[in-house]
Protein chains: 2
Amino acid sequence: MAADSKDRMIRSAYQLFRERGYSGTGFREISAHSGVAKGAVYHHFPAGKADLAEQVIRLAGREVGDLMAAAADGVDPGTLVEGFAAGWAEHVRTHDFAAGCAIAAVVSESQHDAPQLARTAADEFGRWRAILAESLARQGVPSEHAASLATLAVAAVEGAVILARAERATQPLDDIARELRKSFEAAVHGARSAQSK
Amino acid sequence: MAADSKDRMIRSAYQLFRERGYSGTGFREISAHSGVAKGAVYHHFPAGKADLAEQVIRLAGREVGDLMAAAADGVDPGTLVEGFAAGWAEHVRTHDFAAGCAIAAVVSESQHDAPQLARTAADEFGRWRAILAESLARQGVPSEHAASLATLAVAAVEGAVILARAERATQPLDDIARELRKSFEAAVHGARSAQSK
DNA sequence: GTCTATACGAAGATAGAC
DNA sequence: GTCTATCTTCGTATAGAC
């Protein structure tokens with residue numbers, strides 16, 4: 001099945017990118033990991049590695065974004081952002097601190113060879129930010145402040161994943177989870193006070 | 001001169017790692033960029049690429065850490081953290097959004113081949129965090145809270161560099177600079193209030 | 001649509017001349 | 001201490017059989 005082979009390659013690349021990055025992962029490893037022959041790569045991804053990387057970014061963005069979107073219903077912004085960070089802590093810990101964010105890896109390594117991938121990455125990061133910002137806006141936080149807090153949250157989580165890998169400990173993610181919750185709650189509280197004036 | 005050649009190679013690797021990452025940078029490019037012959041690599045770095053990467057992490061950590069340490073004298077924590085983010089924004093913008101943090105790149109890519117590099121990276125990140133935390137502690141912020149705010153700041157800046165590269169805009173860094181300044185000022189203000197009770 | 005085989009260059013690493 | 005030359009493995013990419 002074509003779709004099955006293609007999907008298995010994307011999923012293998014996704015996993016390997018998280019562990020070794022974009023340049024550090026070769027087709028040889030992707031082929032071995034997915035069980036799909038090396039030569040089949042260019043059947044599914046005519047433009048080569050950049051083509052595959054784009055689909056990996058989409059998959060990574062969707063996987064996290066869908067979880068966030070599902071969690072966003074019915075919880076307050078502070079709980080949402082804390083869960084966002086906690087989910088990454090869980091991810092990093094279960095992979096023994098040897099896996100990070102595939103999108104971040106591609107952004108940091110592909111700009112020279114395939115600059116167009118930055119747009120796809122920005123698009124997926126944008127969705128994460130929009131989900132957080134909307135959760136804040138629903139509680140009355142002004143949209144500009146909601147947007148910059150959402151950016152802070154996504155940036156802090158991406159950075160804390162790197163710090164956690166370096167330290168081989170989830171503490172950086174645990175710390176920022178608490179701080180982000182506080183910042184989100186303060187913004188909601190501030191919006192409520194302003195409204196009741 | 002030996003030290004000169006070695007230093008030039010480290011500086012070239014430093015620059016190339018920021019643009020293309022650790023795996024994406026070969027000795028061929030480092031040699032061409034630094035003007036030092038390829039074969040000389042193993043004279044200066046007997047353990048090879050990991051050896052070189054360790055020195056790159058040290059250089060990157062020192063360069064940023066020294067700037068922060070110099071700035072920390074005589075300014076309040078909010079101004080310090082804002083300057084930290086603004087410095088990175090300047091860096092990313094002057095490199096046309098094609099360069100990020102060398103330490104983050106090495107952490108994200110080297111864990112499989114050279115796991116020991118994570119310790120060096122954690123060490124350098126730790127210094128940045130300590131400078132920020134101490135600035136807060138000097139203003140009376142309890143050390144635990146100072147530490148987690150410092151972690152938030154370093155994580156947010158590292159993540160915002162990635163977001164900025166993806167978007168080809170400094171806005172993520174500008175946004176978190178403002179938010180971090182607010183968080184730092186709120187912590188200092190809170191510490192003052194608690195002390196005057 | 002998926003495989004084997006292979007092209008060609010670059011990767012990291014080493015040996016030995018100077 | 002720095003160079004040239006070279007080894008082996010792996011990189012991306014292609015051609016063509018089935």
Side-chain angles (χ1 to χ4, degrees), chain A residues 1-57 102 105-106 108-117, chain B residues 1-57 102 105-106 108-117:
Chain A
M1 289 161 224
D4 194 57
S5 284
K6 185 174 182 180
D7 201 61
R8 282 204 331 267
M9 282 181 38
I10 295 170
R11 294 208 157 267
S12 289
Y14 174 40
Q15 193 168 323
L16 291 164
F17 282 11
R18 287 188 293 181
E19 292 171 11
R20 311 175 189 198
Y22 172 69
S23 313
T25 304
F27 283 134
R28 178 197 174 88
E29 285 161 313
I30 294 169
S31 170
H33 189 273
S34 65
V36 179
K38 243 182 66 174
V41 171
Y42 292 85
H43 173 71
H44 296 299
F45 310 97
K49 205 177 185 184
D51 208 341
L52 171 60
E54 177 152 350
Q55 315 246 28
V56 169
I57 293 172
V106 174
S108 300
E109 300 174 61
S110 69
Q111 213 133 26
H112 185 257
D113 291 342
Q116 74 279 10
L117 292 174
Chain B
M1 288 160 229
D4 196 56
S5 284
K6 185 174 181 178
D7 201 61
R8 282 204 332 266
M9 281 181 30
I10 296 170
R11 296 208 156 267
S12 289
Y14 174 39
Q15 193 168 323
L16 291 164
F17 282 11
R18 288 188 293 182
E19 292 171 12
R20 311 175 188 198
Y22 172 70
S23 313
T25 303
F27 284 134
R28 177 198 173 86
E29 285 161 313
I30 295 169
S31 169
H33 189 274
S34 64
V36 178
K38 239 182 69 174
V41 171
Y42 292 85
H43 174 70
H44 296 297
F45 310 98
K49 204 176 186 183
D51 207 341
L52 171 60
E54 176 153 351
Q55 315 245 30
V56 169
I57 293 172
V106 174
S108 300
E109 300 174 61
S110 69
Q111 213 133 25
H112 185 257
D113 291 342
Q116 74 278 12
L117 292 174

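We name chains A, B, ... by the order of the sequence lines, and we start the count at 1 in each one.
- Taking NZ of B:K6 as the reference point, atom OG of B:S34 lies at 13.5 Å (rounded to 0.5 Å).
- Distance CD/A:E19 to CD/A:Q15: 5.5 Å, rounded to 0.5 Å.
- Remark: A:D51 pairs with A:F45, A:P46, A:A47, A:Q55 by the side chain to side chain contact (heavy atoms under 4.5 Å, CB included) rule, at least two apart or across chains.
- Summarising the geometry of A:V36 relative to A:M9, their closest heavy-atom pair is CG1-SD, 3.5 Å, with the distance given to 0.1 Å.
- Smallest separation of non-hydrogen atoms from A:Y14 and A:A102: CD1-CB, 3.8 Å.
- Applying the 4.0 Å criterion to OP1 and OP2 of C:dT2, one finds that A:H44 has a side-chain N or O inside that range.
- The side chain of A:A37 sits closest to C:dT4 out of D:dG1, C:dT4, D:dC3.
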Legend entry - Sugar-phosphate or base contact per nucleotide [nucleotides 5-18 of chain C; S, B, -; heavy atom under 4.0 Å]: -B---SSBBB----

